[in-house]
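First the structure, in the form of structure tokens, and then the observations on it.
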Amino acid sequence: MSAPEDASFLQEAIELAVENVESGLGGPFAALVVEDESVLAEGTNRVTTVQDPTAHAEITAIRAACKERGDFELNGCTLYSTCEPCPMCLGAIYWAGLDRVVYAATHTDATEAGFDDEHIYQEIDKAPDERRIPMEQRLKEEAHRPFEAWRNYDDRVEY
């Protein structure tokens, strides 16, 4: 897409984020999933209103787009977000197979507004046993069984 089209979709997401805040429905984040130059789905931050820490704008937009498309993959689509995606949303973007992401504010801008995810970036780089939330592996010998079942399941859908 061209820079003016990107700016138009991004402006639409920004307006949606402002409406989300002013209506009391959630935080100052919104996202659009666009396919073939039209909005396939939109999402806004709903973390505090639905009591779900995963209800970020990008996640809600991806969920809605997948439902609309009837598929768990969003190849051929662009995500427009009012802010640089956090680590959780970044993971969802890669799992969904989006073609590109266009965002407005940086994660530094979000930090200055009180939304700090830097500690998550730092935790990702640490070994599991060095993370702030203790993580321990158990049943290592049994751990392969679900993967073996998956490999032997003839009707699996690869992803």
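Every heavy atom of this structure was used, including side-chain atoms; hydrogens, water molecules and symmetry mates were not.
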If you apply the rule side chain to side chain contact (heavy atoms under 4.5 Å, CB included), what do you find for Cys83 with Phe29, and how did you get there?
CA-CA 7 Å; Cys83 191; Phe29 304 97; 3.8 Å; yes
What's the verdict on side chain to side chain contact (heavy atoms under 4.5 Å, CB included) for Val39 and Val33, showing C-alpha distance, side-chain angles and the deciding distance?
CA-CA 6 Å; Val39 176; Val33 176; over 6 Å; no
Which is it for Thr54 and Arg63 under the side chain to side chain contact (heavy atoms under 4.5 Å, CB included) test, yes or no, and what are the steps along the way?
CA-CA 11 Å; Thr54 69; Arg63 288 175 180 161; 3.3 Å; yes
Candidate pair Cys86 and Glu58, rule side chain to side chain contact (heavy atoms under 4.5 Å, CB included), full reasoning
CA-CA 9 Å; Cys86 75; Glu58 296 91 338; 5.9 Å; no
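The main-chain N or O of Cys66 is never found under 3.5 Å from a side-chain atom of Arg69 such that the two would form a donor-acceptor pair. Side-chain atoms of Ser81 never come within 3.5 Å of backbone atoms of Ala31 as a donor-acceptor pair (strictly under, hydrogens ignored). Listed for the Glu142 side chain is no donor-acceptor partner under 3.5 Å among the backbone atoms of Leu139. In this structure a side-chain-to-backbone donor-acceptor pair under 3.5 Å is missing from Arg46 to Asp52.
Between His56 atom NE2 and Ile59 atom CD1 the span is 7.5 Å, to the nearest 0.5 Å. The CG atom of Leu79 sits 12.0 Å away from the CZ atom of Phe9 when rounded to the nearest 0.5 Å. The distance from the CD atom of Glu123 to the CZ atom of Arg132 is 6.0 Å, given to the nearest 0.5 Å. To the nearest 0.5 angstrom, Thr78 atom OG1 is 11.0 Å from Leu40 atom CG. Atom CD of Glu84 sits about 11.5 Å away from atom SG of Cys89, to the nearest 0.5 Å. Here the NE2-OG1 distance, from His119 to Thr111, works out to 10.0 Å after rounding to the nearest 0.5 Å.
The shortest non-hydrogen separation linking Ile14 to Ala104 is CD1-CB, 4.2 Å. The shortest non-hydrogen separation linking Ala61 to Ala41 is O-CB, 3.8 Å. For the residue pair Val21 and Pro28, the shortest heavy atom distance occurs at CG2-CA, 3.4 Å. When all heavy atoms of Glu42 and Ala64 are compared, the pair lying nearest together is O-CB, 4.1 Å. In this structure, Asn20 and Gly27 approach most closely via the heavy-atom pair ND2-O, 2.9 Å. Ala30 and Ala17 get closest at one heavy-atom pair: CB-N, 3.5 Å.
Taking hydrophobic clusters as Ile, Leu, Val, Met, Phe, Trp and Tyr residues chained together by side-chain heavy-atom distances below 4.5 Å, Trp95 does not share a cluster with Ile62. In this structure, Leu32 is a member of the same hydrophobic cluster as Leu10, with clusters built from ILVMFWY side-chain heavy atoms closer than 4.5 Å. One hydrophobic cluster, built from ILVMFWY side chains closer than 4.5 Å, holds both Phe72 and Trp150. Criterion: ILVMFWY side-chain heavy atoms under 4.5 Å apart, direct or through other members. Under it, Val34 and Leu16 are part of a common hydrophobic cluster. Both Ile93 and Leu74 are assigned to one and the same hydrophobic cluster, defined by single-linkage of ILVMFWY side chains at heavy-atom distances under 4.5 Å.
Surrounding NZ of Lys126 are more than 12 heavy atoms belonging to other residues, nucleotides or ligands, all under 6.0 Å away.
Between His107 and Tyr121, the distance separating the two ring centers is shorter than 6.0 angstrom.
Contact check on Arg145 versus Glu148 returns no salt bridge, with no Lys/Arg side-chain nitrogen under 4.0 Å from an Asp/Glu carboxylate oxygen. Comment: Asp6 engages Arg100 in a salt bridge, judged by a side-chain N to carboxylate O separation of less than 4.0 angstrom.
Side-chain atoms of Ser8 and Glu5 form no donor-acceptor pair, as typed in the model, at a separation below 3.5 Å.
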